[in-house]
Number of protein chains: 2
Amino acid sequence: MPQPPQPRCPPNCHACGLRDFAAFTELPAGALDAINRARSHTTVGRAGSTLIRENQANSQLYTLYSGWAFRYSTLKDGRRQILNFLLPGDLMGLQQEFGDDAAHGVELLTDCALCVFKGDSLWELYREHPRLGYDITWLAAHEEGNVDDNLLTAGRRNALERVAMLLLQLYRRLDRLGLAEGGSIEFPLTQQHIADALGLSLVHTNKTLRRLVHLGLHTIEDGRLSILNPRALARIAEYYDQPPRLLPLL
Amino acid sequence: MPQPPQPRCPPNCHACGLRDFAAFTELPAGALDAINRARSHTTVGRAGSTLIRENQANSQLYTLYSGWAFRYSTLKDGRRQILNFLLPGDLMGLQQEFGDDAAHGVELLTDCALCVFKGDSLWELYREHPRLGYDITWLAAHEEGNVDDNLLTAGRRNALERVAMLLLQLYRRLDRLGLAEGGSIEFPLTQQHIADALGLSLVHTNKTLRRLVHLGLHTIEDGRLSILNPRALARIAEYYDQPPRLLPLL
DNA sequence: CGAAACGTTGATAAGTTTCAACCATCGTGG
DNA sequence: CCACGATGGTTGAAACTTATCAACGTTTCG
């Protein structure tokens with residue numbers, strides 16, 4: 001699957017291409033400078049590579065600038081659960097930063113551009129710009145909300161509802177970032193990823209996807225997902241639109 | 001099921017009975033005063049009552065002082081997923097504070113004593129004591145870690161593993177708070193709660209519990225859970241002890 | 001050309017849910 | 001005081017959803 005080249009993160013945050021999107025909040029003067037100082041460097045990662053290994057503590061803190069990634073954890077016999085997907089603007093490595101117990105891994109789904117923060121810059125940022133601390137808590141709470149949704153999905157929705165949920169969820173997140181075009185988005189997931197995100201087997205995921213295609217609700221072709229009937233998908237998943245909110249961006 | 005009377009939260013944080021536990025971090029001077037000022041009042045809630053309604057925005061921020069509660073969300077037809085359990089020291093209402101989308105509800109499992117914070121005190125706290133902001137982020141990230149675990153459980157563990165996981169998880173959390181006595185803890189959950197937390201049906205939950213009892217791994221009697229074979233439970237759940245960490249307390 | 005990755009499909013097996021009872025305990029009101 | 005309803009737990013049987021197994025097709029790439 002050929003990846004489109006990912007735009008590289010500019011060396012200075014003032015030139016940040018992400019911040020131009022309408023989806024993100026404005027920052028008070030000075031805060032952007034502080035972020036720029038807290039940043040160690042920018043880098044890129046290859047699709048399929050492991051950015052943060054499971055149970056690895058003291059990793060670095062990242063902002064995903066472009067591309068897709070996901071958080072996951074696995075059991076010893078190989079069963080894997082994808083916890084949530086990470087899209088541009090998402091913070092990665094926060095739990096590792098807090099030295100938390102049994103932390104998840106992070107793997108890149110596509111080639112990605114990343115902002116890397118200095119190892120000890122987080123506390124500095126809180127101290128000098130409490131507003132940024134507030135924003136980071138917001139991001140953490142928001143991500144937890146995503147995981148909450150995924151837990152409801154894995155625990156209480158059936159296979160058809162789960163798949164509908166995932167497709168719609170991803171479409172909406174991309175759309176909010178301005179990355180949807182005419183009802184379709186880039187879609188780098190394999191069916192194995194979908195299965196691992198939903199707690200289903202690969203085979204059953206395949207059959208369920210085909211069922212939705214057969215119902216005319218979506219298609220996945222050439223690495224793009226097209227949502228053909230958002231209303232029907234929303235009804236199946238019981239997942240209705242929320243008013244878009246501005247996201248903090250670090 | 002008779003509830004033991006819950007100790008009431010003292011009117012001044014300096015007399016906080018929770019903070020005496022070895023499980024919580026020390027606070028820098030001044031921070032405790034700030035918390036005390038940010039606190040609106042203390043209150044109690046009855047077992048079974050709804051503290052935060054689903055999709056309710058702008059609720060208040062609470063610290064659970066004593067008792068058990070849980071976060072949940074439901075589908076329209078009544079299917080309910082318990083997202084995680086809340087124990088003394090846990091913060092409640094943080095996501096609502098950020099006006100987050102489709103927020104969960106919070107229901108009390110036992111009579112509870114609560115600290116209630118003033119509506120707009122959170123930002124104040126961040127501004128005056130960035131360290132507390134840091135701690136709150138820590139708590140949020142830590143809670144997300146719990147939800148991550150629960151998602152792995154619901155998505156990838158079978159029924160026996162799920163139940164073993166839950167029993168052990170709750171035992172360990174209580175133990176860390178100093179609330180375990182001789183291998184047993186207070187246990188106010190019904191089998192319906194367990195089922196809703198694990199994404200299982202009530203009947204299958206019952207049969208799985210009986211299976212574990214029959215294996216001699218645990219008992220639940222008179223509202224107490226006794227862990228009879230922690231090693232075996234850990235092996236089944238593939239859930240091993242993490243070094244205990246000090247928790248921030250707000 | 002062959003291997004590897006990903007998707008598709010049918011048949012069978014297993015795990016889980018649903019349905020339908022029944023029991024025990026407990027609090028309450030007649 | 002006892003009858004009663006409500007709540008929570010237990011159990012067997014049948015139905016259904018999902019997993020597993022096995023095979024095959026397509027595309028890509030070295």
Side-chain angles (χ1 to χ4, degrees), chain A residues 1-3 46-49 75 77-82 107 109-110 153-167 187-215 218-225 236, chain B residues 1-3 46-49 75 77-82 107 109-110 153-167 187-215 218-225 236:
Chain A
M1 218 170 296
Q3 298 298 336
R46 301 304 308 268
S49 65
L75 297 173
D77 63 6
R79 283 175 286 178
R80 177 174 76 168
Q81 179 67 40
I82 290 180
E107 183 176 319
L109 258 166
T110 67
T153 295
R156 287 306 185 198
R157 281 190 242 252
N158 64 32
L160 197 70
E161 296 167 340
R162 292 187 209 192
V163 174
M165 178 75 186
L166 180 66
L167 298 181
F187 197 76
L189 310 198
T190 66
Q191 295 187 348
Q192 185 66 65
H193 291 121
I194 299 176
D196 286 347
L198 298 177
L200 295 171
S201 73
L202 174 59
V203 173
H204 199 56
T205 298
N206 175 290
K207 289 173 180 170
T208 308
L209 278 165
R210 307 258 35 248
R211 211 165 130 209
L212 285 175
V213 169
H214 193 256
L215 290 170
H218 83 284
T219 61
I220 297 174
E221 279 165 359
D222 301 323
R224 289 194 73 82
L225 162 68
I236 291 173
Chain B
M1 218 171 296
Q3 297 298 337
R46 300 304 308 268
S49 65
L75 296 173
D77 63 5
R79 283 176 286 177
R80 177 173 75 169
Q81 178 66 41
I82 290 181
E107 183 176 320
L109 212 44
T110 66
T153 295
R156 288 305 187 198
R157 282 189 242 250
N158 63 33
L160 196 70
E161 295 167 341
R162 292 188 208 193
V163 174
M165 179 76 187
L166 180 65
L167 299 181
F187 196 75
L189 309 199
T190 66
Q191 295 187 348
Q192 185 65 65
H193 290 121
I194 299 176
D196 286 347
L198 298 177
L200 294 172
S201 72
L202 175 59
V203 173
H204 199 54
T205 299
N206 175 290
K207 289 174 179 168
T208 308
L209 277 165
R210 308 259 32 249
R211 209 166 131 210
L212 285 175
V213 168
H214 192 257
L215 290 170
H218 83 285
T219 61
I220 297 175
E221 280 165 359
D222 302 322
R224 290 194 72 83
L225 162 68
I236 290 174

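Here the structure is a predicted model, which is why all the values come from computation and not from measurement.
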What residue among B:Leu109, B:Leu198, B:Thr205 forms side chain to side chain contact (heavy atoms under 4.5 Å, CB included) with B:His193? B:Leu109
Got a salt bridge between A:Arg79 and A:Asp77, using NZ or NE/NH1/NH2 to carboxylate O under 4.0 Å? yes
Grab the CG-C1' distance between A:Leu209 and C:dC6 for me, whole Å please. 13 Å
What one-letter contact string describes nucleotides 9-17 of chain C from 5' to 3', where B marks a base within less than 4.0 Å of any protein heavy atom, S marks contact via sugar-phosphate atoms alone, and - marks no contact? BBB----SB
Examine C:dT8: is either OP1 or OP2 under 4.0 Å from a nitrogen or oxygen in the side chain of A:Gln191? Give yes or no. yes
Quick one: list whatever passes side-chain contact (heavy atoms from CB on, under 4.5 Å) with B:Leu202, sequence neighbours left out. B:Gln191, B:Gln192
Name all residues meeting the side-chain contact (heavy atoms from CB on, under 4.5 Å) criterion together with B:Arg210; count only those two or more places apart in sequence or in a different chain, and write none if there are none. B:Asn206, B:Val213
Roughly how far, to the nearest 0.5 Å, is NZ of A:Lys207 from NE2 of A:His204? 8.5 Å
Just the rounded figure in Å: distance from P of C:dT18 to CD of B:Gln192. 11 Å
Between D:dG9 atom C1' and B:Phe187 atom CZ, what is the distance in whole Å? 14 Å
Rounded to whole Å, how long is the line connecting atom CZ of B:Arg211 with atom P of D:dT11? 14 Å
Show the nearest heavy-atom pair for residues B:Leu167 and B:Phe187, with the distance to one decimal. CD2-CZ, 4.0 Å
Expressed in angstrom and rounded to an integer, what is the separation of A:Asp222 atom CG from D:dT28 atom C1'? 14 Å
Rounding to a whole Å, what distance do you find between A:His214:NE2 and C:dT8:P? 14 Å
